[in-house]
Each structure stands twice: as structure tokens, then as C-alpha cells.
Trainee: 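Input: one structure, supplied below.
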Amino acid sequence: MLQLSEIWIYPVKSLAGISLQKAKVTERGLENDRRWLLVDENGHFLTQRQYPQLALFQTAIDAANLTITHRKNNSETLKISLTPTNYHKKVSVKVWDDTIDDAIEVSNEANEWFSKALEMSVRLVYMPENSRREVDKNYAISGDEITSFSDAYPFLVIGQSSLDDLNNRLKERVKMNRFRPNLVFKGGEAYEEENWYEVQIGKATFWGVKPCSRCIMTTIDQESGEKTGKDPLLTLSTYRKAGKRVLFGQNLLVTVLESIQIGDAINVISTKKLPQFEIEVS
């Protein structure tokens, strides 16, 4: 039996995530997931790939506010209203090759708070409801699916068995937060999520569209905000490499919007062929 065991959102892209017991599923991702984004003076997005210290910003959320603290300076707290009508001005920002022209700058206060903490000039922006950032049409189901400020897709799922198998190959075990999934499940075989096609989680229906390509961000310890070496990416590359990509986890799109919660049963309705991996070097 497959069962949903963890739910995570990352309200501000590349900052620390929040563990939830239940979540509302929306077409662009879990509610409040990656709806905020830090950008530089040129409007280009910031991630832990270049700024691993972003992991040190802790996030919390309630019905009215998003609260952000810094693990090494807990005395200073930033509180942001979840009501975008209180926000600042419209700006254009870049996430990879996508330009989002209708992002909204949150406030001068937020810009100054993050700029001081990071010792560089940055701005905090928000993706409003009317924003339509489409996913790659080569992997779309209906052709008009959207996502938030995520790298490319609205949901990422990883099986606990997959992490367990990886950790059995590593000299030092890593936590699931290295891979920043939205959904974690228990039961089943390692890496089986990568061949899911149509899958039901609780009453919500998802489609597996593309195994997730991993990068150096997996080498950053999410508690210390420091790069730890070449693993787990190096070890993954010895047995989970398809072409030039190292794969771990499955990107999902959604067709039936329903809330989900920890303990929901997972029903794999259909599967597809797994990617061809290079033979592990002994």
C-alpha cells in the first residue's frame, strides 16, 4: 500500500520549507507554494545554487501572514501579509528562460530586510492569481497547465524508499529536504514514482510528466546553508543518469483539484516506461 507521508510547501523559492498535515491543491501547485521570489537588481531569480545561505531563512505561515526569520539572527522577523492588495508595484522578473511580467513587488520593507540579511540588493516579489506561467508544452497534459515560481512544474513527489536506497549507497546519509519535494510517500519500491503516469492521491488526480533532473542544490545542507561536497549528486550520477541528466523524483501536473492530507492512500492508475539509465560503475 502506498500512503502519503509528508506534505511540504516552500512559500519563498529557495528558502526553507514548511511541513503540513493537509494542503489545498491548486492548478499552479499546493496553496502558497513558491508564490514569492527573491530577485536581484536585474529581476533575475535567486536560488541556493548561487546563494546557499538562502536555506537559513525559516518560513512560517498562518491564515493572515507569512513570517520569515533567519536561523542565525532570530531577533529580526519579517511579517508579510497574504493579501496581495497590500503589495507594492508590478515588475518583470526572470525564472530560467521564463519572463513573468506581472509579478508584484511586495514592499520596500521586505526589500530592505532581505537586502540587509544577504548583504546585497534584492527585492521580494509575489505571483498574483492572474499570472499565467505555463509549463513546457512538450510535457503538458491539456496544453495550458501553469506553475508558480517553481523551476518548471507545480508538484514534485519522491518515495521514501527511493531516499532509503540512496542513503544505503552514501557514506553519510542525507535528509529528504535536500531534494525539496512537495509530496513524500511510504511503501512501494525505490524509484517507482518515476514511472507513474496517472495517479490518485486521496481524491486529487495527478499525472507524472517528467522525472526530475537534479543539480548541485542537492549538495547543500539545509540546516547549515553550506555545501557539503559532491554527494548525494555524485553517487546518484553513478546509477541514476539518463543521458546528461541525473534523475531523482517525479514532476507532476494535476487534473482533479482536491485537498490532500497525510495518510491519504495513493492509487497508481497507469504507468509509463522508465528512463534508460547508464550502468552503474563498480
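The model shown is predicted, which means the values in this text are computed figures rather than measured ones.
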Trainee: Given Q160 and E6, is the side-chain contact (heavy atoms from CB on, under 4.5 Å) satisfied, shown in steps?
Mentor: CA-CA 10 Å; Q160 182 63 47; E6 298 178 32; 4.1 Å; yes

Trainee: Going only through I, L, V, M, F, W and Y residues with side-chain contacts under 4.5 Å, is there a path from M120 to L37?
Mentor: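 No.
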
Trainee: Transitively linked via ILVMFWY side-chain contacts under 4.5 Å: L4 with M1?
Mentor: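 As far as the 4.5 Å side-chain criterion goes, M1 and L4 are not connected within one cluster.
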
Trainee: May I ask whether I266 and I262 are part of the same hydrophobic cluster, defined by side-chain heavy atoms of I, L, V, M, F, W, Y residues being less than 4.5 angstrom apart, directly or through others?
Mentor: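 Yes.
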
Trainee: OG1/T26 to CG/L257 distance, rounded to the nearest 0.5 angstrom?
Mentor: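 It is 7.0 Å, given to the nearest 0.5 Å.
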
Trainee: When you measure from the side chain of T238 to the backbone of T235, do you find a donor-acceptor pair of N or O atoms at a distance under 3.5 Å?
Mentor: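 A pair under 3.5 Å: yes.
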
Trainee: Could you walk me through whether V246 and S213 pass the side-chain contact (heavy atoms from CB on, under 4.5 Å) check?
Mentor: CA-CA 5 Å; V246 178; S213 301; over 6 Å; no

Trainee: My understanding is that only one of R49, R180, R34 makes a salt bridge (charged side-chain N to carboxylate O under 4.0 Å, His left out) with D151; could you say which?
Mentor: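 With D151 as partner, R49, R180, R34 yield a single salt bridge (charged side-chain N to carboxylate O under 4.0 Å, His left out), made by R49.
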
Trainee: Measure the acute angle between the ring planes of F155 and F206, then classify it against the limits of 30° and 60° as parallel, tilted or perpendicular.
Mentor: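 It falls in the perpendicular class, over 60°.
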
Trainee: With rounding to the nearest 0.5 Å, note down the distance linking CD in Q50 to CG in D40.
Mentor: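 If I round to the nearest 0.5 Å, the distance is 10.0 Å.
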
Trainee: Between K79 and E109, is there a salt bridge with N-O shorter than 4.0 Å?
Mentor: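 A salt bridge is absent here (no side-chain N lies under 4.0 Å from a carboxylate O).
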
Trainee: Do the side chains of L253 and L30 join up, straight or via other hydrophobic residues, at under 4.5 Å, putting them in one cluster?
Mentor: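 Each belongs to a different hydrophobic cluster.
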
Trainee: Looking only at atom types and distance, does a side-chain atom of D221 sit under 3.5 Å from a main-chain N or O of G225, one as donor and one as acceptor?
Mentor: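 Looks like no, no N/O pair under 3.5 Å.
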
Trainee: Describe, in one word, how the ring planes of F248 and F179 are oriented to each other, choosing from parallel (under 30°), tilted (30 to 60°) and perpendicular (over 60°).
Mentor: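 Answer is tilted, since the angle falls between 30° and 60°.
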
Trainee: Between R28 and S131 (side chain of the first, backbone of the second, donor and acceptor by atom type, cut-off under 3.5 Å), is there such a pair?
Mentor: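 Judged by distance alone, yes, a pair lies under 3.5 Å.
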
Trainee: Does E105 use its side chain to pair, donor to acceptor, with the backbone of K89 at less than 3.5 Å?
Mentor: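 Absent.
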
Trainee: Taking D98 first and then K94, would you say they form a salt bridge - that is, a charged N and a carboxylate O separated by under 4.0 Å?
Mentor: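 The answer is no: the pair does not qualify as a salt bridge.
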
Trainee: Please assess E145 against E27 for the test side-chain contact (heavy atoms from CB on, under 4.5 Å), listing each intermediate value before the final yes or no.
Mentor: CA-CA 7 Å; E145 284 87 1; E27 61 178 338; over 6 Å; no

Trainee: For F185 and W196, run ring-ring contact (aromatic ring centres under 6.0 Å, His included): C-alpha distance rounded to whole Å, both residues' side-chain angles, the deciding distance at 0.1 Å, then the answer.
Mentor: CA-CA 13 Å; F185 68 95; W196 287 359; 4.9 Å; yes

Trainee: Pair F57, L118 - check side-chain contact (heavy atoms from CB on, under 4.5 Å), show working.
Mentor: CA-CA 10 Å; F57 290 95; L118 290 169; 3.7 Å; yes

Trainee: Are V12 and V125 linked, directly or through intermediate hydrophobic residues, by side-chain heavy-atom contacts shorter than 4.5 Å (ILVMFWY only)?
Mentor: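 No, because V125 and V12 fall into different hydrophobic clusters, even though each may have its own neighbours under 4.5 Å.
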
Trainee: Can you confirm whether L183 sits close enough to I201 that some side-chain heavy atom of one is under 4.5 Å from a side-chain heavy atom of the other?
Mentor: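 Yes. Closest side-chain heavy atoms under 4.5 Å.
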
Trainee: Taking the side chain as everything from C-beta on, heavy atoms only, tell me whether L82 gets closer than 4.5 Å to I61.
Mentor: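 A side-chain contact exists here, since the closest heavy-atom pair is under 4.5 Å.
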
Trainee: Are the aromatic rings of F149 and F45 close, with centres under 6.0 Å apart?
Mentor: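 Centroid distance F149-F45: not below 6.0 Å, so no.
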
Trainee: For the CG atom of L46 and the OG atom of S14, what is their distance to the nearest 0.5 Å?
Mentor: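 Interatomic distance, L46 CG to S14 OG, rounded to 0.5 Å: 8.0 Å.
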
Trainee: Would you say that L156 contacts L252 through its side chain, given a criterion of any heavy-atom pair below 4.5 Å between the two side chains?
Mentor: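 Of all side-chain heavy-atom pairs linking L252 with L156, none is under 4.5 Å.
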
Trainee: Do E134 and K137 meet the salt-bridge criterion of a basic N to acidic O distance under 4.0 Å?
Mentor: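 Salt bridge flag = yes for E134 with K137.
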
Trainee: Just how far is it from atom OH of Y153 to atom CD of Q250, taken to the nearest 0.5 Å?
Mentor: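 Result: 10.0 Å between the selected atoms.
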
Trainee: For the residue pair W113 and N108, establish whether any side-chain heavy-atom pair is separated by less than 4.5 Å.
Mentor: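 The answer is no; the side chains never approach within 4.5 Å.
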
Trainee: Should R123 and E112 count as an ion pair when the cut-off is N to O under 4.0 Å?
Mentor: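 Here R123 does not pair with E112 in a salt bridge, since their nearest N and O are not under 4.0 Å apart.
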
Trainee: Run the numbers on T67 and N65 for side chain to side chain donor-acceptor pair (under 3.5 Å), then give the verdict.
Mentor: CA-CA 6 Å; T67 302; N65 296 294; over 6 Å; no

Trainee: Give a yes or no on whether the backbone of W8 and the side-chain of N182 come within a donor-acceptor separation of less than 3.5 Å.
Mentor: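 Such a contact is found between N182 side chain and W8 backbone.
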
Trainee: Count the heavy atoms of every other residue, nucleotide or ligand shown that sit under 6.0 Å from CD of E189, and state whether that count exceeds 12.
Mentor: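 Counting other residues, nucleotides and ligands, CD of E189 stays at 12 neighbours or fewer.
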
Trainee: For the backbone of Y197 and the side chain of T271, can you confirm whether one donor and one acceptor N or O come within less than 3.5 Å of each other?
Mentor: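 Answer holds: no.
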
Trainee: Would you indicate whether K186, at its atom NZ, is surrounded by more than 12 heavy atoms from other residues, nucleotides or ligands within a distance under 6.0 Å?
Mentor: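 Atom NZ in K186 is not crowded, with 12 or fewer foreign heavy atoms closer than 6.0 Å.
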
Trainee: If you define the side chain from C-beta out and look only at heavy atoms, does anything of V93 sit under 4.5 Å from H44?
Mentor: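 The answer is no; the side chains never approach within 4.5 Å.
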
Trainee: Could you give the distance from CD1 (I220) to OG1 (T218), rounded to the nearest 0.5 Å?
Mentor: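 Here the rounded value is 8.0 Å.
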
Trainee: Do side-chain atoms of E119 reach the backbone of K116 as a donor and acceptor pair under 3.5 angstrom?
Mentor: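 Side chain of E119 to backbone of K116, a donor-acceptor pair under 3.5 Å: no, none is there.
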
Trainee: Does the Lys NZ or Arg CZ of R240 fall within the cation-pi geometry relative to Y191 - under 6.0 Å from the ring centre and within 45° of the axis?
Mentor: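 Output yes; distance and angle both within limits.
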
Trainee: Salt bridge (Lys or Arg N to Asp or Glu O under 4.0 Å), that's the test. Do R35 and E129 meet it? Break it down for me.
Mentor: CA-CA 10 Å; R35 294 296 292 273; E129 284 298 320; 3.0 Å; yes

Trainee: Sub-3.5 Å donor-acceptor pair from the side chain of D62 to the main-chain atoms of A64, do we have one?
Mentor: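 Looks like yes, one N/O pair under 3.5 Å.
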
Trainee: Could you go through E198 and K272, starting from their C-alpha distance and side-chain angles, then the distance that decides it, and tell me whether this counts as salt bridge (Lys or Arg N to Asp or Glu O under 4.0 Å)?
Mentor: CA-CA 9 Å; E198 184 179 7; K272 57 186 176 182; over 6 Å; no

Trainee: Rounded to the nearest 0.5 Å, how far does CG of N251 lie from CD of E194?
Mentor: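 Here the rounded value is 10.0 Å.
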
Trainee: So, does D136 use its side chain to make a donor-acceptor pair with the main chain of N138 at under 3.5 Å?
Mentor: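 At least one qualifying donor-acceptor pair exists.
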
Trainee: Would a distance-only check, ignoring hydrogens and angles, find a side-chain to backbone donor-acceptor pair under 3.5 Å from S115 to V122?
Mentor: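 Yes, because the side chain of S115 sits within donor-acceptor range (under 3.5 Å) of the backbone of V122.
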
Trainee: Pair S162, E193 - check side chain to side chain donor-acceptor pair (under 3.5 Å), show working.
Mentor: CA-CA 9 Å; S162 301; E193 62 272 19; 2.8 Å; yes

Trainee: Only one of K13, Q222, Q53, K227 clears side-chain hydrogen bond (donor to acceptor under 3.5 Å, both in side chains) with Q48; which?
Mentor: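 That would be Q222.
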
